[in-house]
Amino acid sequence: MKVSIIGGAGRVGSTAAYTLVNLGLVDEIYLLDIAKERAAGEALDITHSLSGMNSDVVVEGGDDYAGIRGSDVVMITAGVPRKPGMSRLDLRHRNVGIIREVVRKVVAECRDALLFVVSNPVDVLTYYAWRESGLDEERVFGLGTLLDTLRLKSMLKKRLGVGYEEEAYIFGEHGDSMLPVFRLRGNHPREELMRVFDEVREGAARVIETKGATWFAPAVAIARVIEAVQQGGVLPVSTFIREHRLYLGHLAKISRSGVRRAEFELTEEEARLFQHSAEVVRRAIEDV
Ligand code: APR
């Protein structure tokens, strides 16, 4: 499998590339970035690690869109990340421009790949990537609330001893209006679960305040998505929601042919919060 990463010289893109190689999930990676020297340097650094990982993945980097030809997945991590005190939605004006330009160039070289958006605000950018690409809606998707879901599961285990195999998700916007979806077997008081959820919703901001940005957890979430594309899987990612005609975090079936929303019954309260999240994303889309 070949994966290209637009914005691949950045922290999230390069760490994702390293994680994909480490987990043995790809045969070939192209790191494309306007910072072409840095992209080449990241590719070389990863290439130097191959003998130690007993891997023969081909990793190249540069700024040439011809390099992405033949990709199974083109992932977009290009854009500006948020600074302390900013919400993801604050980035939309800058990053929508970048996404549209990048997607135009991507589809000119490679129309067969799945288009996987990671840059934020991811639900808004995935919508614009879909519109700009002219691809079917299931060929375009975003990382969405998989990242929040992995954060939630990690912290539920750490705080309350909840096993990773238990069903707990975050749906909706990858942003302030996200909602928790708990289907745990064990008996845990709702307020304890909600305390962990609140901690997770603020968790990325906490990491940004302390180390400047987040990249390890995003890279692992990305790797889980690439694995699902390869082997098939069901994960909460930013997927096309037909009744709202936009992208939002919801369980989805992922395969080489694309990403489709999976059936999942929400409670009345969850459905209300999901609807609210859709409205927040709709307003942000209209306000670009
Ligand atoms: N084309 C290609 N690459 C670009 C473009 C462009 N038009 N514009 C910016 N880039 C590149 C930058 O050169 C940089 O290498 O995107 C990369 C972004 O990397 P970082 O600044 O390190 O940002 P990072 O922390 O990786 O976050 C990237 O992922 O999680 C999200 O919110 C985050 O939107 C942000 C994105």
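In each ligand, atom 1 is the first atom listed, and ligand 1 is the first ligand listed. The residues of the chain are indexed from 1 along the displayed sequence. These numbers were taken from a predicted model, which means no experiment stands behind them.
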query = Of the non-hydrogen atoms in E42 and A9, which two are nearest, and what is the gap between them?
reply =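 In terms of heavy atoms, the two residues are closest at OE2-O, 4.0 Å.
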May I ask you to list the atoms of ligand 1 that are less than 4.0 angstrom from any heavy atom of [X]?
X    : value
E101 : 7 (N)
A78  : 3 (N), 4 (C), 5 (C), 10 (N), 16 (O)
T77  : 18 (C), 28 (C), 36 (C)
V80  : 34 (O)

ask   = Is it true that a side-chain atom of K153 and a backbone atom of Y164 form a donor plus acceptor pair closer than 3.5 Å?
value =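 Checked: pair present.
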P218 near ligand 1 by a heavy-atom separation under 4.0 Å =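 Distance cut 4.0 Å: P218 fails for ligand 1.
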inquiry  = Applying ring-ring contact (aromatic ring centres under 6.0 Å, His included), can you list everything that pairs with Y30, at least two apart in sequence or on another chain?
reply    =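 None.
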Any T15 side-chain heavy atom under 4.5 Å of F216 side chain =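 T15 reaches F216 side chain to side chain.
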ask   = With side chains defined as the heavy atoms from C-beta onward, is the minimum distance between I5 and T77 less than 4.5 Å?
value =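 Answer yes - side chains close enough.
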task = Return a yes/no value for L32: is any of its N or O atoms, backbone included, closer than 3.5 angstrom to an N or O of ligand 1?
result =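 There is no such contact.
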Protein heavy-atom partner closest to [atom] - residue, atom, separation in Å:
atom                    : result
atom 6 (C) of ligand 1  : I34 CG2, 3.9 Å
atom 26 (O) of ligand 1 : V12 N, 2.8 Å
atom 18 (C) of ligand 1 : G79 O, 3.4 Å
atom 33 (C) of ligand 1 : N120 ND2, 3.8 Å

Considering [options] one by one, which has a heavy atom nearer to [atom] than any of the others?
atom                    : options            : answer
atom 23 (O) of ligand 1 : G10, P81, A35, G13 : P81
atom 12 (C) of ligand 1 : I99, D33, T214     : D33
atom 25 (O) of ligand 1 : R11, R88, R94      : R11

request  = Determine whether the aromatic ring centres of F197 and F182 lie less than 6.0 Å apart.
outcome  =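 No, too far apart.
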task = Ignoring hydrogens and angles, state whether a donor on the side chain of D123 or S238 is under 3.5 Å from an acceptor on the partner side chain.
result =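 On atom types as modelled, these side chains qualify, holding a pair under 3.5 Å.
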ask   = Are a donor atom and an acceptor atom from the side chains of D148 and H174 found within less than 3.5 Å of each other?
value =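 Judged by distance alone, the side chains do pair up.
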request  = Sequence neighbours left out, what pairs pass side chain to side chain donor-acceptor pair (under 3.5 Å) with at least one residue falling in residues 52-68?
outcome  =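 Non-adjacent pairs meeting side chain to side chain donor-acceptor pair (under 3.5 Å): zero.
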